[in-house]
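Just below is one structure, and these are the notes that go with it.
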Amino acid sequence: MSFYGDHALKLVKEMHRTRDPPQIPPYRTDLVRETLVESNHLWTSANLKKTHSAQSMLGVLSVKRSKRCVLAYQRERLNRLIQTWWEHGASTTTVLPQSVHPSPLEDKFMKGYLQLVTDYKGKWLDIDLGAPLLPPRDVFAEIRVLKDCGERMTEYGPIQVH
């Protein structure tokens, strides 16, 4: 016997189960489809009754909960795909590992995301967005100036910014 929202709960549990270490399991089209069919059935039956009975309210609340579960599943998968892409070099030639199983729509999303990052990188060709986010080890950092600012006073004394 299954209850309202069981399929949606299975999606969330699967993402929770594969979080340490973060893995991207194969896309569960079957569970998503079953959740959508159940939600559609509950929504139409609640709208046909046109009453504010406890049963129709339960159906509407179940639909909303299932929707939140499916959206959380989708969002977590996309977050993991993006994180995996950045961890593996974040370039146009980056190939995701074999353990990643994106759906066709997720592939389309990643292509769009790659295009967005490429367009953003195009403005600043000399900045590597895929570089590790570690602070520099040197005490002094080289600063490239886009516009001449003249002399500036710092805590170490005046410096020329050319």
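Since the model is a prediction, treat every value here as computed from it, not as a measurement.
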For the student: nearest non-hydrogen atoms of Pro158 and Met153, plus distance
N-SD, 3.6 Å
How about Met15 and Pro25: do any of their side-chain heavy atoms sit closer than 4.5 Å?
yes
Close side-chain approach of Tyr73 and Leu31, heavy atoms under 4.5 Å
no
Any link between Leu78 and Trp86 through a network of hydrophobic side chains (Ile, Leu, Val, Met, Phe, Trp, Tyr) touching at under 4.5 Å?
yes
Counting N and O atoms only, with roles assigned by atom type, does the side chain of Ser66 sit under 3.5 Å from a partner on the main chain of Val63, one being a donor and the other an acceptor?
no
Quick one: NE2 on His16 to CG on Leu9, what's the gap to the nearest 0.5 Å?
11.0 Å
Spacing of Ser62 atom OG and His41 atom NE2 [to the nearest 0.5 Å]
11.0 Å
Can you check whether Thr18 reaches Arg80 side chain to side chain, under 4.5 Å on heavy atoms?
yes
Can a side-chain donor-acceptor contact be found between Gln83 and Asn79 if the only test is distance below 3.5 angstrom?
no
Checking the side chain of Arg65 only, and the main-chain atoms of Ala8 only, is there a donor and an acceptor separated by less than 3.5 Å?
no
Does the side chain of Arg77 come under 3.5 Å of the side chain of Ser103 through a donor N or O and an acceptor N or O?
no
Less than 4.5 Å apart, side chain to side chain, heavy atoms only: is that true for Val117 and Trp85?
yes
Before you tell me yes or no, could you show the steps for Leu114 and Met110 under side chain to side chain contact (heavy atoms under 4.5 Å, CB included), namely the whole-Å CA-CA distance, both residues' side-chain angles and the distance that decides it to 0.1 Å?
CA-CA 6 Å; Leu114 174 64; Met110 287 305 293; over 6 Å; no
Output the distance between atom CG (Leu11) and atom CD (Glu34), rounded to the nearest 0.5 Å.
9.5 Å
Sequence-distant partners of Arg17, side-chain contact (heavy atoms from CB on, under 4.5 Å), two or more places apart
Glu14
May I ask you to check whether Tyr27 and Gln74 show a side-chain donor-acceptor distance below 3.5 Å?
yes
Is any side-chain heavy atom of Phe109 closer than 4.5 Å to one of Leu81?
no
For the atom pair NE2 (His7) and CZ (Arg28), what is the distance rounded to the nearest 0.5 Å?
10.5 Å
Distance in Å, Arg75 CZ paired with Leu71 CG, rounded so as to fall on 0.5 Å steps:
10.5 Å
Distance check, rounded to the nearest 0.5 Å: Cys149 atom SG versus Lys147 atom NZ?
6.5 Å
